[in-house]
Enquirer: 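Below are the structure tokens for one structure; questions will follow.
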Amino acid sequence: MAATSSSLSSCLLRDGGLGPESTKCYNAKQSVCGSAKSLSMPSRLIRHSMEAGSLSSTRSPARCCSAVETKASPLFTLGKKFHLDDVIEAQQFDRDTLNAIFEVAKEMEKIEKNTPGSQMLKGYLMATLFYEPSTRTRLSFESAMKRLGGEVLTTENAREFSSAAKGETLEDTIRTVEGYSDIIVLRHFESGATRRAAATASIPVINAGDGPGQHPTQALLDVYTIDREIGKLDGIKVALVGDLANGRTVRSLAYLLAKYENVKIYFVSPEVVKMKDDIKDYLTSEGVQWEESADLIDVASKCDVVYQTRIQKERFGERTDLYEEARGKYIVDSDVLNVMQKHAVVMHPLPRLDEITVDVDSDPRAAYFRQAKNGLYIRMALLKLLLVGW
Amino acid sequence: MAATSSSLSSCLLRDGGLGPESTKCYNAKQSVCGSAKSLSMPSRLIRHSMEAGSLSSTRSPARCCSAVETKASPLFTLGKKFHLDDVIEAQQFDRDTLNAIFEVAKEMEKIEKNTPGSQMLKGYLMATLFYEPSTRTRLSFESAMKRLGGEVLTTENAREFSSAAKGETLEDTIRTVEGYSDIIVLRHFESGATRRAAATASIPVINAGDGPGQHPTQALLDVYTIDREIGKLDGIKVALVGDLANGRTVRSLAYLLAKYENVKIYFVSPEVVKMKDDIKDYLTSEGVQWEESADLIDVASKCDVVYQTRIQKERFGERTDLYEEARGKYIVDSDVLNVMQKHAVVMHPLPRLDEITVDVDSDPRAAYFRQAKNGLYIRMALLKLLLVGW
Amino acid sequence: MAATSSSLSSCLLRDGGLGPESTKCYNAKQSVCGSAKSLSMPSRLIRHSMEAGSLSSTRSPARCCSAVETKASPLFTLGKKFHLDDVIEAQQFDRDTLNAIFEVAKEMEKIEKNTPGSQMLKGYLMATLFYEPSTRTRLSFESAMKRLGGEVLTTENAREFSSAAKGETLEDTIRTVEGYSDIIVLRHFESGATRRAAATASIPVINAGDGPGQHPTQALLDVYTIDREIGKLDGIKVALVGDLANGRTVRSLAYLLAKYENVKIYFVSPEVVKMKDDIKDYLTSEGVQWEESADLIDVASKCDVVYQTRIQKERFGERTDLYEEARGKYIVDSDVLNVMQKHAVVMHPLPRLDEITVDVDSDPRAAYFRQAKNGLYIRMALLKLLLVGW
């Protein structure tokens with residue numbers, strides 16, 4: 001297990017799956033502190049010239065890197081290096097990459113205090129640049145960094161960052177912050193912000209949620225949790241419950257589940273917040289079985305995972321009547337637990353209000369706090385992979 | 001001196017003193033990160049079953065643990081372990097526990113940079129979860145943790161914590177944060193919040209002030225400061241001056257002083273903010289002498305400690321006339337100093353406005369900044385005791 | 001290179017240059033944590049007695065310390081110690097001190113992860129006390145401290161510090177915080193706040209900007225950047241462009257440039273924000289050539305450095321018409337680049353809006369992000385000098 005990443009990084013990104021705007025080829029990038037030299041020639045230009053050269057256009061929905069062609073062969077054979085540049089969106093990960101990340105995450109679970117493993121990232125500095133507050137996510141990343149011996153520069157609310165308030169562009173902020181740190185964890189209120197940041201930065205950038213867009217580390221920890229709890233990802237049945245229209249969590253999860261074989265997905269949601277057609281069409285095109293149902297009890301009795309989500313009041317505006325109607329419709333309670341199989345689990349991205357009743361918490365099948373903890377291991381794994389490599 | 005706490009912890013809590021609702025038996029609790037297993041069976045349930053079993057009811061005002069019976073014998077004899085689970089309220093500490101904490105605090109004063117002692121908590125992670133800002137207290141805890149080699153996850157204002165804003169319960173937040181850290185320092189705006197948090201968490205919780213309720217580490221550092229400055233706690237005379245009705249500081253201090261022999265307390269306060277009867281009755285019932293006086297000069301000449309407090313404007317609402325009348329009434333200035341004994345000291349929980357004049361600062365008897373510094377040692381001691389044990 | 005500073009510190013401050021109110025003699029001060037003893041006799045009193053004794057009055061514009069007389073001889077001869085107590089204002093530094101700081105900063109550029117150098121400040125604790133947010137500056141200081149192995153207590157917005165909100169004086173806050181840390185980095189909204197803090201504290205204080213007053217570390221990093229980019233400071237030509245009336249950056253830079261030989265300064269600014277007479281008079285008195293010009297292209301073709309600044313909207317109040325007129329007047333774009341010499345550079349204190357067009361960024365002569373990075377090295381150097389000495 002090499003401690004440093006290959007300088008000749010290969011692009012693992014394949015078919016992003018969702019059409020032209022979501023495919024992107026992740027090219028080689030220096031993974032440690034940009035030198036003065038690299039600053040005088042922005043990495044975005046270096047990339048541009050590479051893209052224009054040996055690589056196919058990023059606009060093409062086709063596979064964009066030659067490395068992709070090796071998909072069929074085992075990924076981590078001797079001498080082959082796995083390299084991750086940035087974490088931008090769930091679609092960026094293929095099945096092999098997911099497996100690799102999960103393997104590292106499992107190692108992370110075993111790291112104990114004051115062992116060499118707990119000092120793996122000693123000397124590295126992570127900047128958490130949060131343009132909107134998200135204490136849960138921020139603490140999870142910061143804990144991950146510190147559990148590996150790394151250090152943190154923290155910003156609870158960078159939106160009030162005087163420079164942003166004065167009109168500085170995100171790109172300029174990133175170029176300043178990359179001079180102070182080795183990796184940037186970005187939370188932003190605008191969709192696509194992380195992609196822009198990653199295009200500018202000469203150090204790795206992780207998307208910790210960008211507006212209505214992506215929250216890829218949440219998607220990763222969800223799939224990881226299913227793997228840890230159920231023991232497999234192929235052949236599983238998953239109920240997605242609650243707000244399926246607005247929740248980026250369930251949308252990302254659906255994308256990732258489509259990478260596994262023989263998965264069946266049930267959508268259980270109030271009429272006003274039904275899963276949108278783009279996801280349904282995508283699942284169909286990928287050969288994933290899905291079904292809509294209004295009967296949570298029936299669905300719960302069949303599934304390995306009941307993934308509950310919060311109905312987001314803020315999406316209903318002044319229509320609080322619609323909100324009240326929607327929120328009470330599908331509650332996971334002891335009745336649901338009673339029909340669930342012994343090995344099945346209840347998951348939730350948190351925070352929860354009353355869509356899972358508190359009496360469910362003490363059942364071993366209530367996996368949501370373990371799920372939150374898995375976020376720590378996934379983030380430890382990503383930080384390790386981005387900073388010191390596979 | 002064992003580096004790890006006994007797994008068979010004994011409950012040191014005795015009669016809390018203030019009736020049924022303040023007594024509580026602190027039971028065994030895992031001191032490091034809850035495993036997935038413990039999460040699937042909440043510690044609150046584990047405790048409940050224990051309480052129903054071998055231990056007497058927590059509702060009984062009687063001594064609740066057998067360990068209490070050993071009070072007369074020396075506490076730290078060979079082979080006996082001292083174990084602290086949480087720091088919730090001043091009443092939780094008996095005289096022996098206070099002595100033990102002070103002994104550790106004195107050791108903390110001697111710790112120097114880059115010695116093994118300064119790395120005592122290396123690998124441990126403290127989360128400061130502050131639902132209302134209190135920079136002084138937060139920095140004191142964070143400094144304490146870092147002076148012992150520990151690391152910190154910080155939250156300056158968790159009330160804006162997006163999850164809390166979205167309606168997440170404190171209990172759910174605690175269950176998430178306990179997955180990221182080894183100890184939680186909680187500041188909350190609601191009385192009793194720490195008790196609820198401690199009942200949920202599988203890791204230690206320290207109360208850093210919960211609304212009008214408790215601020216036990218302040219009470220501990222006050223008593224520690226008297227011990228350090230005067231050299232004893234039995235037989236001392238203490239003047240409590242200023243806002244005695246609203247200040248939780250002076251109320252907690254009165255409780256703790258009652259644990260010592262032959263203490264005399266003087267109350268000196270404007271009529272509108274007099275000490276309430278519950279404390280007076282408690283002191284009387286504990287055999288503590290107390291007296292109200294309107295003559296600060298006379299009282300100051302007799303006392304070992306003049307404990308001044310700020311008249312809190314926010315308690316007067318629109319009656320600024322009453323506030324103005326109250327605040328100017330008892331000022332500690334050079335006239336007060338002149339009558340004080342040579343060995344006596346002036347204390348103040350800080351911040352001070354003009355209730356102690358600035359010219360007092362340069363007198364060696366002005367102990368308030370030393371008192372603030374003692375807060376560091378007390379918090380270092382508590383963190384040590386909670387994380388690695390006696 | 002001694003690891004600890006001399007206990008017999010010498011005062012390096014000479015003629016502050018700008019008349020009585022700016023001269024100050026920096027006396028000996030304990031550099032590590034005030035003991036309880038020192039707290040009982042405030043350092044301000046110790047200083048006062050020293051000033052009244054062996055040292056001349058701080059009110060005198062004349063050289064105030066005998067050590068100053070050694071100016072002509074080399075500063076760092078064997079056995080001589082260089083000691084810095086606080087960083088308060090740009091005028092505090094003479095040419096020798098600047099050279100010394102720059103020499104240390106250059107060493108800082110070479111420090112690599114996990115080398116002994118990167119642990120130089122292990123065990124030291126820096127408190128960043130920011131009364132107004134300035135994420136850029138805060139992260140730069142915190143990164144500097146952590147790159148040297150030190151730890152940080154952070155305050156993003158101390159103005160909401162409950163104590164300050166309750167009316168606590170800055171002095172009282174400082175006396176509390178000095179008990180928790182080894183060095184204080186202060187950002188304040190009031191001019192002179194750092195000087196007051198330094199007069200109170202028994203630990204070093206660094207000014208990270210105090211209102212319209214000073215921002216000395218910015219001035220240092222500007223001069224350092226010129227030295228690094230151009231290779232010299234004597235005989236250079238510098239254009240100061242943009243808001244010269246309100247920008248403390250350009251004012252401080254002008255002061256510092258006056259310490260070098262044969263410097264020529266060009267002022268290029270809209271009429272409403274012209275450089276004020278005090279600076280012009282000062283430059284004249286120091287024998288520095290300066291010239292006002294309205295022709296940026298002409299000036300840019302002659303200069304080694306084009307130092308662009310942002311027109312600060314907030315200074316114009318309701319006169320947005322004047323603001324709009326001023327902001328578009330002098331833009332650094334490809335036309336300006338085209339006339340600039342090959343070795344010349346464009347600098348900017350950041351954040352920039354559109355006063356430098358984005359297409360300039362990719363030119364090697366765009367030095368502003370390197371300049372921001374240099375802030376890291378300068379702050380590392382200052383922390384090292386203040387905490388462990390030369």
Side-chain angles (χ1 to χ4, degrees), chain B residues 109 111-115 118-119 128 130 132-147 149-152 154 156-157 187 209 225 228-229 310 312-314 345 348-354 356 358 361-377 379, chain C residues 3-4 32-46 48 119 121-131 133 149-182 184 200 202 387-388:
Chain B
E109 293 190 24
I111 288 178
E112 296 192 19
K113 278 185 184 44
N114 300 323
T115 58
S118 72
Q119 293 302 305
T128 44
F130 273 49
E132 57 176 20
S134 175
T135 309
R136 178 188 310 277
T137 302
R138 184 173 62 80
L139 292 188
S140 176
F141 270 109
E142 295 184 0
S143 179
M145 191 66 183
K146 294 190 172 183
R147 289 291 189 206
E151 278 290 338
V152 173
T154 195
E156 272 196 272
N157 197 348
R187 173 91 170 199
T225 299
R228 295 299 277 156
E229 296 283 335
R310 184 171 63 91
Q312 297 177 49
K313 191 176 182 179
E314 54 272 33
V345 291
H348 192 296
L350 303 181
R352 59 113 177 239
L353 300 190
D354 48 14
I356 300 176
V358 176
D361 294 4
S362 56
D363 192 287
R365 292 169 296 178
Y368 27 96
F369 293 115
R370 296 195 293 275
Q371 182 184 356
K373 180 80 181 244
N374 285 336
L376 180 68
Y377 303 127
R379 284 158 188 142
Chain C
T4 51
V32 185
C33 278
S35 63
K37 194 169 130 259
S38 77
L39 280 165
S40 66
M41 181 175 172
S43 57
R44 132 185 95 174
L45 296 189
I46 299 172
H48 180 71
Q119 294 302 306
L121 299 186
K122 189 166 155 54
Y124 288 92
L125 210 39
M126 174 181 96
T128 43
L129 205 57
F130 273 49
Y131 281 79
E151 279 290 339
V152 172
L153 300 176
T154 194
T155 305
E156 272 196 271
N157 197 348
R159 199 172 190 171
E160 295 169 10
F161 198 126
S162 56
S163 300
K166 288 171 188 161
E168 184 178 58
T169 62
L170 175 64
E171 281 79 1
D172 276 16
T173 302
I174 292 293
R175 282 198 200 166
T176 301
V177 175
E178 74 178 348
Y180 304 153
S181 59
D182 301 308
I184 294 172
T200 300
S202 61
L387 285 169
V388 298

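Quick note: numbers below take in every heavy atom, side chains included, and nothing from hydrogens, waters or symmetry partners. Letters A, B, ... mirror the listed sequences (proteins, then strands); counts begin at 1.
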Enquirer: May I have the step-by-step check of side chain to side chain contact (heavy atoms under 4.5 Å, CB included) for C:Thr155 and B:Arg138, ending in yes or no?
Expert: CA-CA 10 Å; C:Thr155 305; B:Arg138 184 173 62 80; 3.9 Å; yes
Enquirer: Could you report the tightest heavy-atom contact between C:Leu125 and B:Ser143, atom names first, then the distance?
Expert: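 Minimum heavy-atom separation between C:Leu125 and B:Ser143: CD2-OG, 3.6 Å.
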Enquirer: Would B:Glu151 and C:Glu151 satisfy side chain to side chain contact (heavy atoms under 4.5 Å, CB included), going step by step from the backbone distance to the final call?
Expert: CA-CA 9 Å; B:Glu151 278 290 338; C:Glu151 279 290 339; 3.0 Å; yes
Enquirer: With sequence neighbours left out, write down each residue that passes salt bridge (Lys or Arg N to Asp or Glu O under 4.0 Å) with B:Arg352, or none if nothing qualifies.
Expert: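 Per chain and number, B:Arg352 pairs via salt bridge (Lys or Arg N to Asp or Glu O under 4.0 Å) with B:Asp361, C:Asp172.
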Enquirer: I'd like to check the side-chain contact (heavy atoms from CB on, under 4.5 Å) partners of C:Gln119; sequence neighbours left out, ordered by chain and number.
Expert: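 Checked C:Gln119 against side-chain contact (heavy atoms from CB on, under 4.5 Å); matches are A:Lys122, C:Lys122.
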Enquirer: Give me the one residue out of B:Lys146, B:Arg147, B:Arg136 that meets side chain to side chain contact (heavy atoms under 4.5 Å, CB included) with C:Tyr180.
Expert: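 For C:Tyr180, the side chain to side chain contact (heavy atoms under 4.5 Å, CB included) test succeeds with only one of B:Lys146, B:Arg147, B:Arg136, which is B:Arg136.
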Enquirer: Please look at B:Ser140 and chain C and tell me whether the side chain, the backbone, both or neither of the residue comes under 4.5 angstrom of a heavy atom of that chain.
Expert: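 Both backbone and side chain of B:Ser140 come within 4.5 Å of chain C.
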Enquirer: Find the distance between OG1 (C:Thr176) and CG (B:Leu376) and round it off to the nearest 0.5 Å.
Expert: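 So the gap between those two atoms works out to 12.0 Å.
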Enquirer: Chain C heavy atoms under 4.5 Å from B:Arg310: which part of the residue, side chain, backbone, both or neither?
Expert: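 For B:Arg310, side-chain heavy atoms alone lie under 4.5 Å from chain C.
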Enquirer: Can you say whether B:Gln312 sits under 4.5 Å from chain C via the side chain, the backbone, both, or neither, judging by heavy atoms?
Expert: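 No part of it gets close to chain C.
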Enquirer: Are any non-hydrogen side-chain atoms of C:Glu171 and B:Val358 less than 4.5 angstrom apart?
Expert: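 C:Glu171 does not reach B:Val358 side chain to side chain.
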